[in-house]
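As the structure lists them, so they are numbered: ligands from 1, and atoms in each ligand from 1.
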Amino acid sequence: NADAAAAQRAKNPTIPAVIVNSQSRISYNCGKFLGKGGFAFCYEVTSSDASDCRTLACKIVSKKLLVKDSQKEKMIQEIEIHRKLSHEHLVKFYDSFADQENMYILLELCSRRSLMELHRRRKLVTVPEAQYFMRQIVSGCQYLHSNKIIHRDLKLGNVFLNSKLWVKIGDFGLATQVNRDGEQKKTMCGTPNYLAPEVLNKQGHSFEVDVWSLGCILYTLVVGRPPFESPSLKETYVRIKNNNFKIPSSLNPVVAAFIRSMLQSQPQLRPSVFAMPHDPFFSLQPILPSLPESVLTVTPRLD
Ligand SMILES: COc1cc(C(=O)NC2CCN(C)CC2)ccc1Nc1cc2c(cn1)c(C)nn2-c1cc(Cl)cc(CCC(N)=O)c1
């Protein structure tokens with residue numbers, strides 16, 4: 001509500017109640033605090049301009065935090081990559097601009113938050129639900145890889161859900177552009193959540209790191225916890241290097257085989273996002289065209 005938003009803004013004095021884009025001359029009323037991630041705070045904003053009265057998500061980064069050139073470049077890289085993307089399963093990029101204090105990125109609002117909140121609430125999802133989500137995530141990744149973009153930080157919290165529970169992949173803060181065929185990326189500043197072994201071993205990495213993350217996402221959705229979860233980050237890294245993960249024998253063998261194919265240590269052995277839709281996982285049963293919003297809270301009877 002408004003006074004909670006005002007209270008939140010009071011904590012961050014640099015967040016104005018009205019955000020003005022001096023180039024387009026459109027101003028936005030800053031509303032509910034949605035969350036924060038990295039240097040960014042995210043607020044719900046509504047354009048006061050008659051033109052587009054949509055409610056958007058606005059990521060706000062204080063310029064005070066963008067002191068090092070590397071941080072500025074990262075922010076600019078995120079914007080440059082995201083602004084040229086357009087796909088039904090990617091978060092829409094509307095605009096970005098700056099004022100004295102902050103940088104602002106106007107993005108598509110996903111009112112049902114992300115798969116992270118759904119996972120926390122439900123723990124496990126059913127196979128039909130996993131098929132529904134994976135088909136849309138893979139579709140978004142096919143678009144990215146066709147445009148030579150590696151997301152590099154696919155995780156439940158970056159798979160946003162709109163009011164119709166459609167998947168919208170967001171947060172291109174670690175994304176990179178492959179400039180020539182076969183190019184292997186050597187570095188990545190920032191730590192992805194689902195780290196692939198080739199990144200850990202600094203062997204050079206490419207599109208296959210996204211497939212690894214998709215394997216971790218599917219595993220987490222149907223098993224209820226991440227595949228390499230450990231008490232410490234160090235132990236997690238040892239498990240990833242040793243490819244040490246267990247799939248419960250109770251899991252449908254077709255789903256288990258699909259997860260194993262994506263979590264292979266050797267990147268070139270993993271399926272491409274273009275091959276994935278042909279996996280038997282997607283023909284276990286007809287893919288649901290939509291999900292009831294009850295899936296956000298209770299296990300559905302989907303028969
Ligand atoms: C109505 O839409 C939303 C609502 C909420 C929400 O209810 N957050 C509550 C706010 C109050 N606190 C106490 C609990 C969480 C959270 C996210 C929403 N939508 C929403 C949030 C969005 C986006 C689209 N749509 C995009 C794109 N980027 N971000 C984004 C950006 C940052 Cl920096 C941080 C977060 C929070 C992490 C998360 N996964 O929630 C999100």
J.: Among all the protein's non-hydrogen atoms, which is closest to atom 20 (C) of ligand 1, and how far away is it?
T.: Cys110 O, 3.7 Å
J.: Considering only heavy atoms of Ala40, which atoms of ligand 1 have at least one such atom less than 4.0 Å away?
T.: 33 (Cl)
J.: Looking at atom 13 (C) of ligand 1, would you say a protein heavy atom lies below 4.0 Å from it?
T.: no
J.: Taking atom types as modelled, is there a side-chain donor on Glu117 or Ser114 under 3.5 Å from an acceptor on the other?
T.: yes
J.: Which class fits the ring pair His82 and Phe172: parallel under 30°, tilted 30 to 60°, perpendicular over 60°?
T.: tilted
J.: Quick one: which ligand 1 atoms are inside 4.0 Å of a heavy atom on Lys36?
T.: 33 (Cl), 34 (C)
J.: Carefully, step by step, assess Glu108 and Lys168 under the rule salt bridge (Lys or Arg N to Asp or Glu O under 4.0 Å).
T.: CA-CA 9 Å; Glu108 177 176 8; Lys168 305 282 180 178; 3.5 Å; yes
J.: Start with the C-alpha gap between Ser272 and Val211, add the side-chain angles, then the distance that decides, and say whether side-chain contact (heavy atoms from CB on, under 4.5 Å) holds.
T.: CA-CA 7 Å; Ser272 75; Val211 174; 5.8 Å; no
J.: Within the structure provided, determine whether Ile169 and Asn158 are in side-chain contact (heavy-atom separation under 4.5 Å).
T.: no
J.: Just to be sure I'm reading this right: ignoring hydrogens, which of Leu56, Asn158, Leu115, Leu34 gets closest to atom 3 (C) of ligand 1? Compare them by their nearest heavy atoms.
T.: Leu34
J.: ring-ring contact (aromatic ring centres under 6.0 Å, His included) with Phe228: which of Phe245, Tyr194, Tyr219, Tyr237?
T.: Phe245
J.: Check each atom of ligand 1 against the heavy atoms of Leu109 and keep those under 4.0 Å away; list them by number with element.
T.: 2 (O), 19 (N), 25 (N)
J.: Tell me, which protein residue and heavy-atom name are nearest atom 33 (Cl) of ligand 1, and how many Å apart are they?
T.: Gly37 N, 3.5 Å
J.: If the contact criterion is a heavy-atom separation under 4.0 Å, does Met116 count as touching ligand 1?
T.: no
J.: Taking the six-membered ring for Trp, are the ring centroids of Phe258 and Phe282 within less than 6.0 Å of each other?
T.: yes
J.: List every atom of ligand 1 that sits less than 4.0 Å from any heavy atom of Phe33, numbering the atoms from 1 in the order shown and giving each element.
T.: 10 (C)
J.: If you have a sec, work out which protein heavy atom is nearest atom 32 (C) of ligand 1 and how many Å separate them, to one decimal?
T.: Cys42 CB, 3.5 Å
J.: Any idea which part of Glu108 is under 4.0 Å from ligand 1, heavy-atom wise: side chain, backbone, both or neither?
T.: backbone
J.: Atoms of ligand 1 less than 4.0 Å from Gly35 heavy atoms?
T.: 34 (C), 36 (C)
J.: Report yes or no: do Ser24 and Asn21 form a side-chain donor-acceptor pair below 3.5 Å?
T.: yes
J.: Where is the nearest protein heavy atom to atom 40 (O) of ligand 1: which residue, which atom, and how far?
T.: Arg113 NH2, 3.6 Å
J.: Between Lys32 and ligand 1, which part of the residue brings a heavy atom under 4.0 Å of the ligand: side chain, backbone, both or neither?
T.: side chain
J.: Do Met276 and Val127 land in one hydrophobic cluster if side-chain heavy atoms of ILVMFWY residues count as linked below 4.5 Å?
T.: yes
J.: With backbone taken as N, CA, C and O and side chain as the heavy atoms from C-beta onward, which portion of Lys168 lies under 4.0 Å from ligand 1: side chain, backbone, both, or neither?
T.: neither
J.: Going by atom types alone, do Ser139 and Gln136 pair a side-chain donor with an acceptor below 3.5 Å?
T.: no
J.: Looking at atom 27 (C) of ligand 1, what's its closest protein heavy atom, distance included?
T.: Val91 CG1, 3.6 Å
J.: Below 4.0 angstrom, counting only protein heavy atoms, does anything approach atom 37 (C) of ligand 1?
T.: no
J.: Does only the side chain of Ser114 get under 4.0 Å from ligand 1, or the backbone, or both, or neither? Count heavy atoms.
T.: side chain
J.: Give the minimum heavy-atom separation between Gly140 and Leu90, together with the two atoms involved.
T.: O-CD2, 4.0 Å
J.: Which bit of Phe160 is near ligand 1, meaning a heavy atom under 4.0 Å away: side chain, backbone, both or neither?
T.: side chain
J.: Does ligand 1 have an atom that lies less than 4.0 angstrom from a heavy atom of Arg112?
T.: no
J.: Number the atoms of ligand 1 from 1 as they appear, then name those within less than 4.0 Å of a heavy atom of Glu117, with their elements.
T.: 38 (C), 39 (N), 40 (O)
J.: Could you report the tightest heavy-atom contact between Met262 and Arg270, atom names first, then the distance?
T.: O-CD, 3.2 Å
J.: What's the shortest distance from atom 1 (C) of ligand 1 to any protein heavy atom, and which residue and atom give it?
T.: Glu44 OE2, 3.5 Å
J.: In terms of hydrophobic clusters joined by side-chain contacts under 4.5 Å, are Leu161 and Val91 together?
T.: no
J.: Does any N or O atom in Phe41 lie less than 3.5 angstrom from one in ligand 1, N or O only?
T.: no
J.: Can you name the closest pair of heavy atoms from Asn179 and Lys185 and give their distance?
T.: ND2-NZ, 4.0 Å
